Each structure stands twice: as C-alpha cells, then as structure tokens.
Chemist: 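Have a look at the structure that comes next, please.
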Amino acid sequence: RRGGLWDSEGSKSCLGVLVQLYCKEEDQYSAKMFRNLLALRQLSQRTLSTAARRQVQNKVPEKQKIFQEDNGIPVHLKGGAGDALLYRLTMALTVLGTGYVIYELLSAALPKKK
C-alpha cells in the first residue's frame with residue numbers, strides 16, 4: 001500500500017511519522033504545506049525513477065576498433081575532423097599565447113624612454 005504512514009515495503013515511513021508529529025505541534029496551515037511538500041517530493045521521485053529510458057545503440061565496440069587500428073595516426077587525431085580541428089586550434093592558441101607572453105615580458109623589461 002502506498003501513501004499514509006506506510007511505504008511500499010510495508011514498514012512505517014519516517015516522513016509519515018514526521019507529518020503526524022508536525023500536525024500535532026503546529027497549526028493546520030503549516031501542516032498542510034508540509035504535506036504538500038512531501039507529496040511533491042514523492043511525485044518527483046516517482047516521475048524521475050519510472051521515466052521510460054530511450055534505447056541508445058552501444059557505439060563503444062566501433063570506437064574501440066577505430067582507436068586500436070595501427071594506421072600511423074596519433075591517438076589524439078583518430079577521432080576525425082573534429083579532433084584535428086581542436087588540435088589545430090589548441091596549437092594556434094598556444095603559439096599566440098606564448099608570443100604574447102614574450103612580448104609583454106620584453107615590454108616590461110625594456111621600458112620606453114621618454
């Protein structure tokens with residue numbers, strides 16, 4: 001039986017006992033808000049836990065074959081065009097950043113004469 005003081009396994013629910021204690025000690029409005037909060041919590045748990053999961057094809061074996069081929073391509077480029085683009089972008093940013101750091105160090109070490 002679901003709801004009330006009993007959970008799905010048939011044992012007393014701590015939350016149900018808390019609701020009863022809270023109802024006795026506080027006014028009815030606060031108790032009603034507390035019960036609504038608990039109901040919302042239970043509903044959200046039930047909705048998330050019983051949601052139908054979309055079946056996704058397992059692509060791991062295909063990827064393993066691609067990455068384990070001995071074709072002379074470095075492993076960081078075996079993913080395709082996206083990996084090559086990321087590699088080139090990273091290298092370009094590294095070279096530009098290094099150049100900028102050297103420029104700033106030189107300009108700080110050799111101040112302009114007035």
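Keep in mind that this is a model prediction, so the values were computed, not measured. Each residue takes its place number in the sequence, starting with 1.
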Chemist: How many angstroms lie between CG in L38 and CZ in R41, if you round to the nearest 0.5 Å?
Modeler: 7.0 Å
Chemist: Using a cut-off of 6.0 Å, state whether more than 12 heavy atoms not belonging to N71 lie near its atom CG.
Modeler: yes
Chemist: For the OG1 atom of T90 and the OH atom of Y87, what is their distance to the nearest 0.5 Å?
Modeler: 9.0 Å
Chemist: Judged by atom type as modelled, is there a donor-acceptor pair below 3.5 Å linking the side chain of K78 to the main-chain atoms of E69?
Modeler: yes
Chemist: If I take atom CG from residue L93 and atom CG from residue L89, how far apart are they, to the nearest 0.5 angstrom?
Modeler: 4.5 Å
